[in-house]
Amino acid sequence: MVVETENTGTVRPLNFLEEIIEADIARGQTRVHTRFPPEPNGYLHIGHAKSICLNFGLAKRYNGLCNLRFDDTNPVKEDVEYVDSIKEDVRWLGFEWAGEYYASDYFEQLYQWAIDLINKGLAYVDDQTQEQIRTTRGTVTVPGTESPWRNRTVEENLVLFAGMRAGKYADGEKVLRAKIDMAHTNMLMRDPILYRILHTAHHRTGDAWCIYPMYDYAHGECDSIERITHSICTLEFDVHRPLYDWFIEQLGIFPSHQYEFARLNLTYTMMSKRKLLQLVQNKYVNGWDDPRMPTICALRRRGYTPESVRAFAEKVGVAKRDNVIDLGLLEFCVREDLNRIAQRRMAVVNPLKVVITNYPEGRTEQIVCINNPENEAAGSREVPFSREIYVDRDDFMENPPKKYFRLSPGGEVRLRYGYIIRCDEMVKDASGEVVELRCTYDEQSKGGGSSDGRKVKGVIHWVSAAHAIRAELRLYDTLFTLEDPDDVEEGKTFTDYLNPRSLVCVNAYLEPSLVSAAPGDKFQFERVGYFTPDYDSKPAALVFNRTVGLKDSWAKIADK
RNA sequence: UGACCCAUGGUGUAAUGGCAACACAGCAGAUUUUGGUUCUGUUAUUCUAGGUUCGAGUCCUGGUGGGUCAACCA
């Protein structure tokens, strides 16, 4: 069985979740309703993008709905700043949620259901300290022991729980626990905590509550309230499923079902929300959208398109086995998209002045350049050309090896869309470094051809010295060099893992047409990489300097 | 030394008892006014030992390896 993909325009086999859904439909289920349930305690990253594409994608494919639900049951970690950023990122990815919900909307219902459980003798108030609860829970190999408060009467529990809500007790003084089995092989079934006391203001409910439900108690019931049919989460929640089912069964409410898939891991990329928060708080980076971050807002700022992220999510697939995706696949996806849509521009990142000695002084002419060779509709533009130009230092070698196609003493090269020039002379400074090239041009070679029909293999980019925009260009590379994404050792800080090449600022000369570039526009610097003007510091630009791989391919040629 | 989940090229994902395939990465070549793109070719895969079967990547049993679980986090 195969399915047509919306993002890549190709056909692929069904993933295991789609097979589950199709089986449900075949069995007569008429409705598919999923949800994306982030806790608003940080910004969304590329790992969340996989989950978003999955949940919204499944709903769309089966004509169902997908909710956006904020899992805001722990006020000490959460904030509206995160709520807002999450909504922005989901929208940017191209998805619309059927309903926007908050676990905190259900606090009253959740509280009433807790009373139900007490009435059924399935929950009790425990006076033990946090330490006592921890030690009496046992270990994975040793059963736990029952709390001395486990067999309080229903009446007593009701009074105590009401007191908890009324604020009669301090944080940590009492908790409400489910009465299940302290010897259960699944640690989560050993009388899990349902409610804890937290005299902390909540970003939505303010001071209305001083008791807050735990994830395990709240999540399945929230799904049930929203009549979610397929509650999809990551693998580590697998052991929570028996509890998820237990609450729904004991309460006799709508039977949502949980399914687990393997979360995304990326080489060189740290995906832990907790650690990303530390990076921001300790100012190792300039905020959540620093282009070196793996967050969605950072990818956006770095020039990724939503289409490319969706295509990536499609390509990594969905399964239950742990995985580490090569960062190269993400880069492939963005290159594939950008190559199609980005207009070409010339830029010189590391300038070397070239004087064309036989070109008239003071003369300027306009050279017609194609905006995108693969898309005629993108049209063309005119770029000024004059006697003095800049070319990239990498495009000249004093002692070129074999198969070097660009400029060298006595050699010829074509200026893209312009003339063929020959290098006649090098000007060096006192230290022997080449600071200027003196060349002559073939007047008959403009745009193509040459005076005698000869061809040159090398084509380089250039900008007119008098007309170029001088700009600070920021080159970004991968942030982390960790092989194991979560492996920050004790005693080390994040800076120990920063890639020294991750941020390089250079002064560059850009084509004048880029003056009118708007933030978010996509361009390709010919032979350098893709870039998008940054939105907070024009005219700086962001470049994928690993994308085209000029340096890599050159290194290989040099090796031979 | 418990319960649960998982095991297919370098990395991912298919094959649902019947020819192990697709993508990325790699390598080689062609095209190219971007050493990009595109195109062609190519290297490389079922953790292990038994069992069931005409036939096992797939089903069964054991082993091995990896992961998850002992927050009043989610």
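Sequence lines set the chain letters: A, B, ... in the order given, protein chains first and strands last, and positions in each chain run from 1.
Between A/Trp288 and A/Tyr43, the angle of the ring planes stays under 30°, which puts this pair in the parallel group of the 30/60° scheme.
Each of B/rG36, B/rU13, B/rC24 was ranked by its minimum atom distance to the side chain of A/Arg344; first place goes to B/rG36. Distance from the side chain of A/Asn74 is smallest for B/rA74 among the nucleotides B/rA74, B/rA25, B/rU13. With B/rC6, B/rA74, B/rU34 as the choices, the nucleotide that has an atom nearest any side-chain atom of A/Glu39 turns out to be B/rA74. The side chain of A/Val175 approaches B/rC72 more closely than any other nucleotide in the set B/rA74, B/rC72, B/rG36. Side-chain proximity of A/Tyr215 to the nucleotides B/rA74, B/rU34, B/rC24 is greatest for B/rA74. Comparing B/rC72, B/rU37, B/rA14 by their closest approach to the side chain of A/Met214 singles out B/rC72.
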Using ring-ring contact (aromatic ring centres under 6.0 Å, His included), reason through A/Tyr195 and A/Phe161 one step at a time and then give a plain yes or no.
CA-CA 9 Å; A/Tyr195 273 91; A/Phe161 187 47; 5.4 Å; yes
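The nearest whole Å value for the distance from the CZ atom in A/Phe16 to the C1' atom in B/rC6 is 11 Å. With rounding to whole Å, A/Leu266 atom CG is found 17 Å from B/rC24 atom P. Atom CG of A/Asp337 and atom C1' of B/rG36 are 16 Å apart (whole Å). The CZ-C1' distance, from A/Arg12 to B/rC24, rounds to 17 Å in whole Å. Rounded to an integer number of Å, the gap from A/Leu14 CG to B/rU13 P is 16 Å. Distance CD1 (A/Ile341) to P (B/rU37): 16 Å, rounded to an integer number of Å. One atom, CZ of A/Arg190, and another, P of B/rG2, lie 14 Å apart when rounded to the nearest Å. One interatomic measurement links the two molecules: CD of A/Glu331 to P of B/rC24, which rounds to 15 Å at whole-angstrom precision.
Residue-to-nucleotide proximity on RNA chain B shows that, of A/Arg241 and A/Glu526, the 5′-proximal contact is made by A/Arg241. Mapping A/Asp71 and A/Glu374 onto RNA chain B via the closest heavy atom, the residue that lands nearer the 5' end is A/Glu374.
Of the C1' atoms belonging to B/rU32 and B/rC39, the separation is 11 Å, rounded to the nearest Å. Distance check on atom P: B/rC6 versus B/rA14 gives 13 Å, rounded to whole Å. Annotation: B/rU37 and B/rA28 have their P atoms spaced 15 Å apart (nearest Å). A distance of about 15 Å separates the C1' atoms of B/rU45 and B/rA25, rounded to the whole Å. Using atom P as the reference point in both B/rA15 and B/rC59, the two lie 12 Å apart (nearest Å). A gap of 16 Å separates the P atoms of B/rC24 and B/rU42, to the nearest Å. Taking atom P on both nucleotides, B/rU68 is separated from B/rG10 by 24 Å, rounded to a whole Å. Separating the C1' atom of B/rC22 from that of B/rG9 is a span of 12 Å, rounded to the nearest Å.
At B/rA74, none of the side-chain N or O atoms of A/Arg274 fall inside 4.0 Å of OP1 or OP2 (strictly under the cut-off). OP1 and OP2 of B/rA3 both lie 4.0 Å or more from every side-chain N or O belonging to A/Thr141. In terms of phosphate contacts, A/Arg196 brings a side-chain nitrogen or oxygen within less than 4.0 Å of OP1 or OP2 of B/rA74.
Remark: the backbone N or O of A/Arg335 is not paired with any side-chain donor or acceptor of A/Asn339 at under 3.5 angstrom. Looking at A/Arg344, its side chain does come within 3.5 Å of a backbone N or O of A/Ala342 through a donor-acceptor pair.
The side-chain hydrogen bond (donor to acceptor under 3.5 Å, both in side chains) test with A/Arg134 is passed by exactly one of A/Gln132, A/Gln130, A/Glu131: A/Glu131. Under the side-chain contact (heavy atoms from CB on, under 4.5 Å) rule, A/Arg381 has a single partner from A/Arg345, A/Gln343, A/Gln366, which is A/Arg345.
Among the heavy atoms of the strands lying under 4.0 Å from A/Val318 are primed sugar atoms or P, OP1, OP2 only; no base atom is included. Residue contacts shown for A/Phe332 are limited to sugar-phosphate atoms, with no base heavy atom under 4.0 Å away. Note on A/Glu173: nothing from the nucleic acid sits closer than 4.0 angstrom, heavy atoms only. At a threshold of 4.0 angstrom between heavy atoms, the contacts of A/Lys457 include nucleobase atoms, whether or not backbone atoms are also involved. Contacts of A/Thr129 with the nucleic acid, taken as non-hydrogen atoms under 4.0 Å apart, include base atoms.
For the pair A/Arg35 and A/Tyr101, the cation does not sit on the ring face, since its NZ or CZ is not both under 6.0 Å from the ring centre and inside 45° of the axis. Note that A/Arg165 lies in the cation-pi zone of A/Trp209, set by a 6.0 Å cut-off to the ring centre and a 45° limit from the axis.
In summary, A/Arg340 and A/Glu374 do not engage in a salt bridge, as defined by a charged side-chain N under 4.0 Å from a carboxylate O. A salt bridge links A/Asp442 with A/Arg454: the closest approach of a Lys/Arg side-chain nitrogen to an acidic carboxylate oxygen falls below 4.0 angstrom. Salt bridge A/Arg204/A/Glu78: absent, no basic N to carboxylate O contact under 4.0 Å. Taking the charged nitrogens against the carboxylate oxygens, A/Arg69 and A/Asp223 do have a contact shorter than 4.0 Å, which makes a salt bridge. Salt-bridge formation is not detected for the pair A/Glu39/A/Lys77: no Lys NZ or Arg NE/NH1/NH2 atom is positioned less than 4.0 Å from an Asp or Glu carboxylate oxygen.
Taking syn as a glycosidic angle within 90° of 0, B/rA71 qualifies as syn.
The distance from atom SG of A/Cys222 to atom OH of A/Tyr217, rounded to the nearest 0.5 Å, is 10.0 Å.
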Bracket notation of RNA chain B in which parentheses pair within the strand, [ ] cross earlier pairs, and | pairs with another strand (Watson-Crick or G-U, under 3.5 Å)
.((((((..((((....[..)))).(((((.......)))))....(((((..]....))))))))))).....
Return the polar atom pairs (N/O with N/O) between nucleotides 40-46 of chain B and the protein under 3.5 Å, or none.
none

Provide a list of protein-nucleic acid N or O atom pairs under 3.5 angstrom, restricted to nucleotides 67-70 of chain B.
{"from": "B/rG67", "atom 1": "O4'", "to": "A/Asp322", "atom 2": "OD2", "distance (Å)": "3.4"}
{"from": "B/rG67", "atom 1": "O2'", "to": "A/Asp322", "atom 2": "OD2", "distance (Å)": "3.3"}

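Evaluation of atom-type donor-acceptor distances gives a pair under 3.5 Å for the side chain of A/Arg321 against the base of B/rU8.
If you check the side chains of A/Thr5 and A/Glu314, you find no donor sitting under 3.5 Å from an acceptor.
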